[in-house]
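Written out below as structure tokens is the structure these notes cover.
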Number of protein chains: 2
Amino acid sequence: MEQEEFESLLQLFKVIGNESRLRIVGLLANQERSVGELATLLDLKEPTVSHHLALMKNLGLVTAEAVGNVRIHRLNAGFLEGMSKELFSKEKLADLADSVTGDARERKVLRSFLDGQRIKEIPAQYKKQLVILRWLVEKFEFSVRYSERELNEIIKQHHPDTAWLRRSMIDRKLMAREKGVYWRLPDDARSPAADQVRG
Amino acid sequence: MEQEEFESLLQLFKVIGNESRLRIVGLLANQERSVGELATLLDLKEPTVSHHLALMKNLGLVTAEAVGNVRIHRLNAGFLEGMSKELFSKEKLADLADSVTGDARERKVLRSFLDGQRIKEIPAQYKKQLVILRWLVEKFEFSVRYSERELNEIIKQHHPDTAWLRRSMIDRKLMAREKGVYWRLPDDARSPAADQVRG
DNA sequence: CGTCTAATTTGATGACTATCTAATTAGAAG
DNA sequence: CTTCTAATTAGATAGTCATCAAATTAGACG
């Protein structure tokens, strides 16, 4: 699930997670209503209702149509129904987390190959190596130019095999080198590795 | 849909309508976590996470188990899944409106003096007491005859002062007693339905 | 045009709440 | 018991947001 999807889901819950608005949903599910009617039914002033409806229209949850002198508001029933289908499935929920902290597989790799700030052992699998390398490269600042000496100094805090790690980070395009100077490259890959948290 | 159901639905949306908490849902859907882990992953302090988890536990959305020195939190997946199926069906939405018809003042009193199924504190004002008492009397069936013991049993689930509550319900004509047997009286004073508002 | 009504926008206010630090509690482990 | 760690509670603060009154806009209709 992309960040975008997470965001719109969050917005939906925010919108219906308000007493007045949830009641509006209920009222509109029964019958279309004008702003003034809703204000009467909810015992609120019109500006307040207008405000709520604006939020709901913004989401696509309600639609409005001008009829004579009033504006009739309807619930976009398909909106919520379509949403409910797979919304709360376990998979969907699990996807939520990816948009937050990177995926579960990466965390698992990190947990098994790291011990605190030390790399216990370098994974044999190419893909798992990448997870570790992405974790390691985070120890370097962007837009800082490191000498090979400084680079090794930092790597050594996490694992003794500085030569292999240095070369691998460059091979995987996490760092670049020119004339003996090294710098960190931007993460073109989407999800940065999550820090290891239980260890 | 009962007032109560509306309320708990609203609470659910409130709880997951918050960025940090929605992320927690996502994280726990993948893997059980301690408070400290969540704090790290979310980049929040532990008290903050603790606060969020308390709200979620209160709803039954997550459960906690002490393991060694940490408390492991899990998502109650069935909770959301069970909810999602028919939750947003047209009929269900329409039912929401029934709970809208009640008096706004009453809802406010209920919200401030109740905590879930517990009465936090008995209001000092006579009118507010009535609101609470009407809520309490709904815990009893019509046309069932309760012994004083049974009556107290039920009242105690909501507040310890059974004597006062029992007497008050009778004073306010919500219940009747004869020869040590109690029964619920019909609501003669129903809240007036909202008048027709358009035309 | 001018007037009337419904709705929206603006700006202010108060309530709520997410978050933090500091203090406290609860358990585990020595 | 004492010490250490994780978690919760308490208290304070800041930011968000629901609500309202006042001002403004948008149409309808004569």
Side-chain angles (χ1 to χ4, degrees), chain A residues 7 10-25 28 32-59 62-74 100 116 197-199, chain B residues 7 10-25 27-28 32-59 62-74 100 104-105 107-115 120 197-199:
Chain A
E7 194 54 34
L10 176 60
Q11 290 312 316
L12 169 67
F13 291 140
K14 266 195 209 296
V15 163
I16 59 180
N18 167 276
E19 174 170 356
S20 298
R21 286 190 293 262
L22 188 56
R23 289 168 71 204
I24 289 175
V25 168
L28 293 184
E32 59 186 37
R33 297 284 190 184
S34 71
V35 175
E37 289 171 342
L38 289 172
T40 302
L41 289 164
L42 297 168
D43 194 26
L44 293 173
K45 300 301 176 187
E46 299 201 357
T48 305
V49 174
S50 207
H51 162 69
H52 288 312
L53 286 173
L55 294 178
M56 299 168 86
K57 275 185 272 186
N58 209 36
L59 255 190
V62 307
T63 60
E65 181 198 357
V67 173
N69 226 345
V70 297
R71 239 153 286 184
I72 295 298
H73 293 261
R74 296 192 186 84
V100 180
V197 290
R198 200 192 291 174
Chain B
E7 192 57 31
L10 176 60
Q11 289 311 318
L12 168 67
F13 291 140
K14 266 196 210 295
V15 163
I16 59 179
N18 166 277
E19 175 168 354
S20 297
R21 286 189 294 261
L22 188 56
R23 287 182 172 175
I24 289 175
V25 169
L27 287 168
L28 293 184
E32 59 186 38
R33 296 286 188 183
S34 70
V35 176
E37 289 171 340
L38 289 171
T40 302
L41 288 164
L42 297 167
D43 195 24
L44 294 173
K45 299 301 176 187
E46 299 201 357
T48 304
V49 174
S50 207
H51 161 70
H52 289 312
L53 287 173
L55 295 178
M56 299 169 87
K57 276 184 272 186
N58 208 37
L59 257 188
V62 306
T63 60
E65 181 198 358
V67 172
N69 224 346
V70 298
R71 240 153 283 182
I72 294 298
H73 294 260
R74 296 193 186 83
V100 166
R105 249 168 273 121
R107 273 195 306 275
K108 200 170 170 194
V109 171
L110 287 170
R111 204 173 318 113
S112 53
F113 287 96
L114 291 183
D115 180 25
K120 279 192 297 198
V197 287
R198 200 192 300 172

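Residue numbering restarts at 1 for every chain, and letters A, B, ... go by the order of the sequence lines.
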Check the distance between [N]'s [atom2] and [X]'s [atom1] and give it to me in whole angstrom.
X        : N       : atom1 : atom2 : answer
Glu46(A) : dT9(C)  : CD    : P     : 14 Å
Asp43(B) : dA18(C) : CG    : P     : 17 Å
Leu44(A) : dT8(C)  : CG    : P     : 14 Å
Asn18(A) : dT17(C) : CG    : P     : 11 Å
Glu65(B) : dA28(C) : CD    : C1'   : 16 Å
His52(B) : dA18(C) : NE2   : P     : 6 Å
Arg71(A) : dT5(C)  : CZ    : P     : 16 Å
Lys45(A) : dA12(C) : NZ    : P     : 21 Å

### DNA chain D: 5'-most and 3'-most nucleotides touching chain A, 4.0 angstrom heavy-atom criterion
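Range of nucleotides touched by chain A: dA18(D) to dA28(D).
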
### Task
Go through the structure and list residues passing side chain to side chain donor-acceptor pair (under 3.5 Å) with Glu46(A), not counting sequence neighbours.
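Expected list: none.
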
### Message
Applying side chain to side chain donor-acceptor pair (under 3.5 Å), can you list everything that pairs with His51(A), at least two apart in sequence or on another chain?
### Response
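None.
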
### Query
Closest approach of Lys14(A) and Asn18(B), non-hydrogen atoms and distance?
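Answer, listing the atom of Lys14(A) first, then Asn18(B): NZ-CA, 4.5 Å.
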
### Query
For the atom pair CD1 (Ile16(A)) and CD1 (Ile24(A)), what is the distance rounded to the nearest 0.5 Å?
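Here the rounded value is 12.5 Å.
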
### Task
Return yes when atom NZ of Lys57(A) has more than 12 non-hydrogen atoms of other residues, nucleotides or ligands closer than 6.0 Å, and no otherwise.
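More than 12 within 6.0 Å, yes.
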
### CA sep, side-chain torsions, deciding dist, call: Val25(B), Met56(B), side-chain contact (heavy atoms from CB on, under 4.5 Å)
CA-CA 9 Å; Val25(B) 169; Met56(B) 299 169 87; 3.5 Å; yes

### OP1 or OP2 of dT8(C) under 4.0 Å from side-chain N/O of Lys57(A)
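Looking at the OP1 and OP2 atoms of dT8(C), one of them is under 4.0 Å from a side-chain N or O of Lys57(A).
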
#### Entry: 5′-ward residue of the pair Asn69(A)/Thr48(A) relative to DNA chain D
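By nearest-heavy-atom nucleotide position, the 5'-most residue is Thr48(A).
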
